[in-house]
2 protein chains.
Amino acid sequence: MEGRPIRKKTSLTDSKNTRQDILDIAAKLFSQRGYNGTPLRDIADAVNMKAGSLYYHFDSKEQMVLEVFTLGIESIHNTVLERVKVLAKNSPTRSILVAAATGHLEALLEKGDYSSTSIRNFGQMPEPIKSKVMVIRDKYESLWRDWLSEGLRNGEIKEGIDLSIFRLTVLGALNRTLEWYRPGKHSVEQIAEMQIGFFWDGIANKKV
Amino acid sequence: MEGRPIRKKTSLTDSKNTRQDILDIAAKLFSQRGYNGTPLRDIADAVNMKAGSLYYHFDSKEQMVLEVFTLGIESIHNTVLERVKVLAKNSPTRSILVAAATGHLEALLEKGDYSSTSIRNFGQMPEPIKSKVMVIRDKYESLWRDWLSEGLRNGEIKEGIDLSIFRLTVLGALNRTLEWYRPGKHSVEQIAEMQIGFFWDGIANKKV
DNA sequence: GTCTATAAGGCGATAGAC
DNA sequence: GTCTATCGCCTTATAGAC
């Protein structure tokens, strides 16, 4: 679940806390208004600082957003792994995918400022940042690659499925959930179960 | 297919052409770099104008992007309708969904600057624009609502499926295709067929 | 660690010449 | 219809006081 590590607040320095506060606010605003739509002044205001003071903690706005991206993707990666690793060894692929989808949505929807920033703003980032982010994103996607190819190997997934297109389609559907999900009617677990249900079982009525 | 209507270029006024050129460039840049990441100067440069001259054709940057959004969603709507209406009456729901997905992807991926702007930038727009756009977007989504509820009614879709969540999941998957599809290996028709195949038939191996 | 002050340039938008 | 010129404001980032 990865709660933020507790740090003692010494009178000598609370720099780590402040840095964390800034990143939290930045992630929230970047997610809501976009990177280019969020001036440093707004971030500073929200942590009761002047814009210039941010430069004690960060070298540039780009460094800030890169850190938000990294933590965001790592958050998804870790949450998904935690959800999956509590399953019994050799669990059916369907259960693994439901657990993974639940973790993915949990990271995205419930503790989601960092991860949603990484989903929403990636396309508009300058190339050097994109390349760095793609490395860790690809590491995360490899988890899905492995689960799916194992499912195909052991016969749980039918042959003739393009696993690459499938993976991108599932992750796309999960990521877009960010744009419409509102807490209330359904829990995140329920959404994940439904969505993987569509993909695994289909919606066709086979009784006819 | 909705090619742009041909206009004669009179020596008296080619204002409609210029206006269209500006919108085309704006859509392209908004889609690639985001609304807030695209200065009017860049749009003007690309049409060999000075930034101030754009105001002869548009009242504001916001008016420009609103127009791009509107045309983008209408483009998806129209392309989807064209793909579906060539089907035989009473075609199976699966065929309708494949045709609709093909049209959706076609609008998004092949003539996509307007429609991809509307997908990528919606979340970061100010509230008044969002509300206006949601009206036409909802009209488009109603097409899917109708096809799905008809499929449920006539027994092609199995009972117990939450059609609302399903619709949002499918459209989410289609919209996210924008972020990973590259022409070459597969055509847009093939991607649509595969994606609806996942959702309709599932990927589970039922022979086991 | 945070402040004030400011540099240096970019932004959307307007006015008036042509 | 497009230009030049400019307004007023906002932006990221830096320098030095406290």
Side-chain angles (χ1 to χ4, degrees), chain A residues 7-30 32-69 117 121 124-129, chain B residues 7-30 32-69 117 121 124-129:
Chain A
R7 270 175 305 270
K8 39 182 175 254
K9 189 172 186 172
T10 72
S11 59
L12 199 60
T13 168
D14 50 0
S15 77
K16 292 243 181 55
N17 259 306
T18 305
R19 205 185 135 86
Q20 198 65 250
D21 290 347
I22 295 170
L23 272 183
D24 285 355
I25 295 289
K28 181 169 145 195
L29 296 182
F30 288 159
Q32 289 172 0
R33 308 183 206 161
Y35 174 71
N36 284 312
T38 307
L40 291 179
R41 167 188 299 272
D42 287 7
I43 297 170
D45 282 354
V47 288
N48 294 313
M49 265 191 188
K50 301 299 169 181
S53 309
L54 297 173
Y55 285 84
Y56 176 81
H57 302 276
F58 299 91
D59 291 340
S60 68
K61 195 185 175 189
E62 282 203 0
Q63 192 212 322
M64 265 181 56
V65 79
L66 176 58
E67 209 152 325
V68 171
F69 268 87
T117 293
N121 290 276
Q124 301 172 9
M125 299 309 298
E127 203 48 62
I129 293 203
Chain B
R7 272 174 302 271
K8 39 183 175 251
K9 190 170 186 172
T10 73
S11 60
L12 199 59
T13 169
D14 52 359
S15 79
K16 291 242 182 54
N17 259 306
T18 305
R19 204 185 137 85
Q20 198 65 251
D21 290 346
I22 295 170
L23 273 183
D24 284 355
I25 294 289
K28 181 168 144 195
L29 295 182
F30 289 158
Q32 289 172 0
R33 309 183 206 160
Y35 175 72
N36 284 312
T38 307
L40 290 179
R41 168 187 299 272
D42 287 7
I43 297 171
D45 282 356
V47 287
N48 293 313
M49 264 191 189
K50 300 299 169 180
S53 309
L54 297 173
Y55 285 84
Y56 175 81
H57 303 276
F58 299 91
D59 291 339
S60 68
K61 194 184 176 189
E62 283 202 0
Q63 191 211 323
M64 265 181 57
V65 78
L66 176 59
E67 210 152 325
V68 171
F69 267 87
T117 293
N121 290 276
Q124 303 172 10
M125 300 309 296
E127 202 48 61
I129 294 204

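What you see is a predicted model, and the numbers here were worked out from it, not measured in a lab. Quick note on labels: first sequence line is chain A, next is B, and so on, each numbered from 1.
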A/Thr18, A/Leu23, A/Ile25 screened by side-chain contact (heavy atoms from CB on, under 4.5 Å) with A/Val47, the one that passes: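 Of A/Thr18, A/Leu23, A/Ile25, side-chain contact (heavy atoms from CB on, under 4.5 Å) with A/Val47 is met by A/Ile25 alone.
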Among B/Met64, B/Met125, B/Gln124, side-chain contact (heavy atoms from CB on, under 4.5 Å) partner for B/Tyr35: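 It is B/Met125; the other options fail the test.
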Nearest atoms (heavy-atom pairs only) where B/Ile43 meets B/Ala26: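 Heavy atoms only, the tightest pair is CD1-CB, 3.9 Å.
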In whole Å, I'd like the distance from the [atom1] atom of [X] to the [atom2] atom of [N].
{"X": "B/Asp45", "N": "C/dG10", "atom1": "CG", "atom2": "P", "answer": "12 Å"}
{"X": "B/Asn36", "N": "D/dC10", "atom1": "CG", "atom2": "P", "answer": "15 Å"}
{"X": "A/Phe58", "N": "C/dT2", "atom1": "CZ", "atom2": "C1'", "answer": "15 Å"}
{"X": "A/Lys50", "N": "C/dT6", "atom1": "NZ", "atom2": "P", "answer": "15 Å"}
{"X": "B/His57", "N": "D/dC3", "atom1": "NE2", "atom2": "C1'", "answer": "12 Å"}
{"X": "B/Met64", "N": "C/dG12", "atom1": "CE", "atom2": "P", "answer": "10 Å"}

More than 12 heavy atoms from other groups under 6.0 Å of NZ on A/Lys28: no
Per-nucleotide protein contact string for nucleotides 12-18 of chain D, where B marks a base within reach and S marks sugar-phosphate only (heavy atoms under 4.0 Å, - for neither): SBB----
Side-chain donor/acceptor of B/Asp42 to backbone N/O of B/Thr38, under 3.5 Å: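 Not a single qualifying donor-acceptor pair exists.
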Under 3.5 Å: donor-acceptor pair, side chain of B/Asn121, backbone of B/Phe30: yes
